[in-house]
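Take a look at the structure below.
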There are 2 protein chains.
Amino acid sequence: MLTIGQLARYVGVSTKTVRVYHAKGLLPEPERDSSGYRRYPAQAVVELVKIRMLADAGVPLARIRELASAPEQLDSALQQLDADLTTRIKLLRDTQRRLRKLAAGDIRYLPEEVERHLDGLPGLGFTQRWIAMERDLWIIVYATHPDIADTWFQDQTQALTNPELRQLYLACDQAHDLDPADPSLTELADRIVAASIHRYGAEPPGQAADATIAELLQSTVNASSPALRQLDSLIRNGLEAGGFTLRTGAG
Amino acid sequence: MLTIGQLARYVGVSTKTVRVYHAKGLLPEPERDSSGYRRYPAQAVVELVKIRMLADAGVPLARIRELASAPEQLDSALQQLDADLTTRIKLLRDTQRRLRKLAAGDIRYLPEEVERHLDGLPGLGFTQRWIAMERDLWIIVYATHPDIADTWFQDQTQALTNPELRQLYLACDQAHDLDPADPSLTELADRIVAASIHRYGAEPPGQAADATIAELLQSTVNASSPALRQLDSLIRNGLEAGGFTLRTGAG
DNA sequence: CTTGACCTTGCCCCAAGGGCAATGTCGCAC
DNA sequence: GTGCGACATTGCCCTTGGGGCAAGGTCAAG
């Protein structure tokens, strides 16, 4: 018959841990000897080892107690657990990979080429306000989606080489302070819808890649002015009327 | 400028998490707008992403704060962290392997061959008390050290085929109720020391393999009777006097 | 007889947030 | 302008899996 300390040392846990398992109903309380000490049979070692195996695998103690009293669930639970462990190992490896990237090239706010792009915008007629907003958006994109950010950026720089598209961007910039009811917003929205369909066809970029980040970016733009918010709304209506269904959010 | 909810959604955390990071000094509190709402610059997304990378890797928030204010430690911390992740991945894989073994062959208290061995002991003259104790010891060994348990067990069954050794084991069994001062204990200890040296030479088995489990087992035996405790003490003295140094514990 | 190692219960403490309450503020629709 | 739903604010308590301490009782050894 073992004392609580012997039991704990056999299994490599603290006596406190054993007492917690008693309190949570994971391990039945053993008999007490004449002085009130807990006295464990050797089988308790086996039970405790099993509990620790599950706990080490990350099973919450409450769940372990359930499994102890419902052994018929054990098989499927172990399968589930095996799959969980596999995904957790994969997640850890992903984290390790990203961490190494952080260690290798210390993360800057923006790649140099993006900074150069932004530096060129005043010469094209964009306001400082617009450039500051665009800068913020790129910072967010590169921080949260470094994998697709470069693709987006290439698309954007290429669009600005087209004079018509550039005019549309400049018009958006200028629209910042318009009244939301201004009819020129409707006209601008129509032109944007047409250009968008022409440029991207049925599959606007980024939206397929990651709809939620596009949503978030748009909400940031919208927050900057009521006119731009209205413009966004008009563009959405226009795209839907043109046969597009914006697959945002759950879509 | 982002609200706390936008910032949190960009990075995939809850607003509560962001506020906790403020409270713990991980992320500086941003400016407030006219109604008291926090307003974040885009750079906050980058900072929050960095914090999450470290937190996902298991770095405590207090440590992250230290690193934020002492960037010169960052490099070595990242190296340390990389090593930690590697070992944690390995531990998870070990757990997974053991878990699969549990799933495959549901753990019994004892392998069948051990049960057969125990069933044969009464015919050799061992008392039920001794057999019960031995059974408990095997349960513990198989539960805590399944890798070396079979080796130990083979050694034990083989020893019992030797009539002289069997007599020694039987004598130990009988010694249970002797007075600790009984001189026959000294004699028995001498014979055990001699037989042990003869059988195992300079390297008693199991002790080299795992000294601590042997210690724990012996303490369990000792707890069963003062005479056996005394016998253990005499044997240790005898082995040391015979040129052996028990490398227990830290050894 | 003391000393050190063990056991008992009970209590408070930690990280990293989750959840609720009570209140204030937005933007939109009627 | 009124109401509604979504969002923000602070403050407080709750959770998990124990760690640590206090104040006492027990045990074997010198």
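Reminder, nothing fancy here: chain letters follow the sequence lines and each chain counts from 1.
Applying the side chain to side chain donor-acceptor pair (under 3.5 Å) test to every pair with at least one member in residues 86-95 of chain A, sequence neighbours left out, gives these pairs: A:Thr86-B:Gln96.
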Exercise for review: Mind running side-chain contact (heavy atoms from CB on, under 4.5 Å) on B:Tyr40 and B:Val18 for me, showing each step along the way?
Suggested key: CA-CA 11 Å; B:Tyr40 296 87; B:Val18 176; 3.6 Å; yes
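Residues A:Glu47 and A:Pro28 form a side-chain contact, since some pair of their non-hydrogen atoms from C-beta on lies under 4.5 Å apart.
The interatomic distance linking A:Leu2 (CG) with D:dC27 (C1') rounds to 17 Å, in whole Å. Straight-line distance from the CG atom of B:Leu216 to the P atom of C:dC6: 11 Å, rounded to whole Å. For A:Asp33 and D:dG25, the CG to C1' distance is 12 Å, given to the nearest whole Å. One atom, CZ of A:Arg39, and another, P of D:dT26, lie 13 Å apart when rounded to the nearest Å. The CD atom of B:Glu66 sits 15 Å away from the C1' atom of C:dA15 (whole-angstrom rounding). Distance, B:Ile64 CD1 to C:dG17 P: 9 Å, rounded to whole Å.
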**Study point:** Sugar-phosphate or base contact per nucleotide [nucleotides 6-17 of chain D; S, B, -; heavy atom under 4.0 Å]
**Key:** -BSBB-B----S
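Under 4.0 angstrom from either OP1 or OP2 of C:dA15 there lies no side-chain N or O belonging to B:Arg63. For A:Thr17, a side-chain nitrogen or oxygen approaches OP1 or OP2 of D:dG19 to under 4.0 Å.
Distance check, rounded to the nearest 0.5 Å: CD1 of A:Ile235 to CG of A:Leu188 gives 6.5 Å.
Within 6.0 Å of CD in B:Glu72 there are more than 12 heavy atoms belonging to other residues, nucleotides or ligands.
For the residue pair A:Gln79 and A:Asp75, no side-chain donor N or O sits within less than 3.5 Å of a side-chain acceptor on the partner.
Checking B:Ala55 against B:Ser34, the closest nucleotide of DNA chain C that is more toward the 5' end is the one next to B:Ala55.
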